[in-house]
Amino acid sequence: MNNKELLLDIKNLSISFFTPSGEVKAVNDVSYHMYDGEVLGIVGESGSGKSVSSYSIMGLISDPGKIVNGSIMFNNHQIDKMTEKELQKIRGKEVSIIFQDPMSSLNPVFTIGHQISEVLKLHTKLSNEEIKKRSIELLELVGMNEPVKRYSQYPHEFSGGMRQRAMIAMALACEPKMLIADEATTALDVTIQAQILELMVELKDKIGMSIIMITHDLGVVASMCEKLAVMYAGRIVEFGTVEDIFYNTKHQYTLGLLKSIPKINADEHERLIPIEGTPVDLLYPPEGCPFAPRCEKTMKICLTQMPGYTYLSDEHYSACWLLDKEKFEGEKGE
Amino acid sequence: MFQYIIKRLGYTLLTIVIISTITFFLMNLVPGGPFLSEKSPSPAVLEAMNEKYGLDKPLGVQYKNYMLKLAQGDLGISIKKKGRSVNDIIAEKFPVSAKVGGVAVGIAIFLGIPMGAVAALNRGKFLDNGLMFISTLGIAVPGFVVATSLMIIFGVKLRLLPTFGLSSPLHYILPALTLAFYPMSYMARLMRSSMLDVLGQDYIRTARAKGVSEFTMLFKHALRNAILPIITYLGPLLAYVLTGSFVVEKIFTIPGLGGEFISSITNRDYPLIMGTTIFLAAFLVLMNVLVDIMYKLVDPRIKLK
Amino acid sequence: MEENRLNTNPLSFHLKAEDFLPADASEKKELVVMRESVSYWKDGFTRLLKKKLAMTALAFIVFVLFFAFVFPSFYPYRYEQQIRGSEDLRPFEYSQEEQAKIDGGESVAPHYLGTDSLGRDMMIRIMMGTRISLLVGLIASFIILIIGSVYGAISGYFGGRTDMIMMRIVDIIYTVPDILVIILLMVTLKEPLKILFEKNEFLSKLGVIGPGLIAIFITFSLLYWVGMARIIRGQVMMIKEQEFVTAARALGASSSRIITKHLLPNCIGTIIVTTTLQIPSAIFTESFLSFLGLGVSAPMPSLGSLAADAISGITSYTYRLIAPAVVISIIILAFNLLGDGLRDVFDPKLKK
């Protein structure tokens, strides 16, 4: 059914941070895969493990974090088994990342040009002149006017949006197979956000890469992504195509997220419904479904047992006992 | 930038004038003039001496005269060292202090910064704890204790190094080490926390994400940023080395300006006390300005302002 | 694709109908494990108790306080007492006279650290020296604390022109090389103070402390408050933007009330930390001055002057130097470590 090549395959990934107060299970038994050229959105609240799980694709989990279980296959590399040296060859070349805060993600003491060139110097055999030429091309590519002048400027001379463009130029310098955008537009003004998103989509088609969009903004995801993973408390609670998630929602948490986005054409009296309560403390993960304390439809079983996944189609699955209840009642009814 | 430098230098001048004024009035308001402590000179002699040094004139006139001379760089004549001008004494003694101090500053910078960086990179490990133990000792142990300990160990017990005067390069080791110990320790601690701070920054994560090697990340991306705050310490460092020289020159019998300053106080050589104070203060204040300007030059974030 | 699927739920025959009954609110509530919420101070102190280094330092400080303020009352010798014939004794050594007394059945207190060249017991001199050093550190820091926090709070609270002028003054004092001015002030203040004490009935009582010490307090409080003032100003400027201050103002609280009741109490963490770190630096400076012979006046000992006295006999009486040196290093180290610990706990932002 799908002839595209498998680019990323994460299986049963668990990542913990070993802090002085105990083990924080940031990512719990997460599995998903991506094909070449796909755009996957990962949605969740802060602390849901969405960033940590994607940093692990680059081997960027550092002390006191540790992959405790699972495997990550990316572009035929077994990331979880690779040494730091081997990982360095992949980072920035085959997979790149754009971080949330463009203000602090660029090194203040080097020029923008220098920071872009550095990636090319590391991963290509181009001469210094070619590198400079290419860097300027990249700045132009991400929509900067006067790229030659920009090349020798420092980050503090750039606005937020400009810095994020510079980050994108840096990330795309080696035409990676995959780009991870970690809340890449969250810190920007709304109009700039749209520009940056547009730029990413445009460049994706030009270079032919895959993108993982990490965000808590469902609006961003809807416009850009093909597939969505909804994460809660270190787990994927629902996975599916954008249509599945938006129009055939199966998990109560996803439903809660959808209810809390404002709609332009809403009835005058329709109110936004927030999700009550606070996320679980991952130092003390519950035995049952982590969403149970906040869920409107909690059942006895939710309190004691972790739900497994129910498949609604090959690409749409969700972990919720309600789905099992339906199935159970269906069987009993027969 | 140019404007900034002019402004800073203006303030510096103001500070020096204020210090000179304070110094002048403090010295002259002290009851019992400089000649009182001498073995009861006859009133006639006293008067003659007062006249000679202009001490019989009203204070305002004395102040005016002093400041006018000061503006021409003339610090007056020593009372106790007959016939020698304060300028002369400073010109003779200051280079000696500057040499020892320079070596100390060198030691402090070239040992302190690597110590801090290494400690930060080995955070929580044995090396870190060891280095931090040394530097904690360094900031807790007063200079005179360091000086005398070094003297006892290397000079008296082991007889490895000379402890008296400055006649050979070997003679510099103990005094310079003493002077360097505190600032070296302070810098190591400063560098450690600065380095740790930088290592937690987002741009270090960006560098890692680019595929930069551990070595490049540390020595190029982190060090450049971590060292910036250290530059601001260079001013206080000089001040410390300078005041430290008061003790060190006394203990190691070095004929420098620090020792001279202290003996001028015990001798109540007022013009010399005033002259040295003003000279040293002006030197420190100027150095501070230079360090500040240097900092602005090094940090690109401030460059265009 | 089937084999690619993730772990699914157990087959339905393992499940029972009761499992799917709705859970009630109390059951849901029980699931929420919350970390115990504790107050700022309680949390701080429990964390401080866990800091072994800081607690060890505190224990040392308590011991040194006893050593300096309590032990001397029980000690058989006085610090200025010169015992004839007992000059330059080594630790636990007795003079001929004392030996004779012991032989005659009398008990003579040993000189734990020997005596100095004037026949004064070294141990009690070190205790008194410690007392002086601690007094200087504590009192000077207290004065600095008062001046600095009030000045800083006023400057930060009023802002604008007031702030600009007040901070200019601070800047100028800040650039003045402190040690030079302190030395200058020490030299010049000693004489007038001596005269003042001799003339004034009331002040003559203060004269017991000695003009040297008073001069130290005056000079320290004239110069060293600027650091504290800067820190407090920064804090106040931050806090005054917060809503509770606006609320207090809206309710008609006067400026002085806002400063004393709302702003300063919120800076207390910073104030404690800065003061704790101020103490060792004051002790440091005092010992430095006394070492140079510019501090306390004889016969009163200070750790610095004791060390200076010991220099002349350094080859034969090394321990005379080591004893005060060790005590002063311990004091400074202990206060620094305690200050570091307090800062980690109460004021992590201040960490630089």
Check: Do B/Met151 and C/Leu321 touch side chain to side chain, with heavy atoms closer than 4.5 Å?
Finding: no
Next item on the list: Taking the side chain as every heavy atom from C-beta outward, state whether C/Leu337 and B/Thr136 have any atom pair closer than 4.5 Å.
Entry: yes
Check: So which of B/Ile22, B/Val247, B/Leu242, B/Ile19 has the biggest tally of heavy-atom pairs under 4.5 Å with chain C?
Finding: B/Val247
Notebook entry, point to check: Picking from B/Ile152, B/Leu137, B/Asn288, which has the most non-hydrogen pairs under 4.5 angstrom with chain C?
Noted result: B/Ile152
Working to the nearest 0.5 angstrom, can you tell me the gap between [X] [atom1] and [Y] [atom2]?
X        : Y        : atom1 : atom2 : answer
C/Asp340 : B/Met132 : CG    : CE    : 11.0 Å
C/Phe291 : B/Thr148 : CZ    : OG1   : 6.5 Å
B/Ile139 : C/Ser281 : CD1   : OG    : 10.5 Å

Notebook entry, point to check: Picking from C/Ala325, C/Pro280, C/Ser287, which has the most non-hydrogen pairs under 4.5 angstrom with chain B?
Noted result: C/Ser287
Note to self: Atom OH of residue position B/Tyr186 - does it have more than 12 heavy atoms of other residues, nucleotides or ligands inside 6.0 Å?
What the structure shows: no
Check: When you look at OH of C/Tyr317, are more than 12 heavy atoms from neighbouring residues, nucleotides or ligands closer to it than 6.0 Å?
Finding: yes
Checklist line | Stepwise side-chain contact (heavy atoms from CB on, under 4.5 Å) check, C/Ile328 with B/Val145 | finding: CA-CA 9 Å; C/Ile328 195 152; B/Val145 176; 4.3 Å; yes
Next item on the list: Tell me, with the steps shown, if B/Tyr182 and C/Phe284 meet side-chain contact (heavy atoms from CB on, under 4.5 Å).
Entry: CA-CA 12 Å; B/Tyr182 178 90; C/Phe284 204 104; 4.1 Å; yes
Checklist line | Test applied, side chain to side chain contact (heavy atoms under 4.5 Å, CB included); reference residue, C/Leu292; option that passes from B/Phe144, B/Phe246, B/Phe261 | finding: B/Phe246
Margin query: One pair to check against side-chain contact (heavy atoms from CB on, under 4.5 Å): B/Leu14 and C/Arg168. What are the steps and the verdict?
Written below: CA-CA 12 Å; B/Leu14 184 68; C/Arg168 263 294 104 70; over 6 Å; no
Can you tell me which portion of [X] sits under 4.5 Å from chain C's heavy atoms? Options are side chain, backbone, both or neither.
X        : answer
B/Leu280 : both
B/Thr23  : both
B/Ile16  : neither
B/Ala281 : both

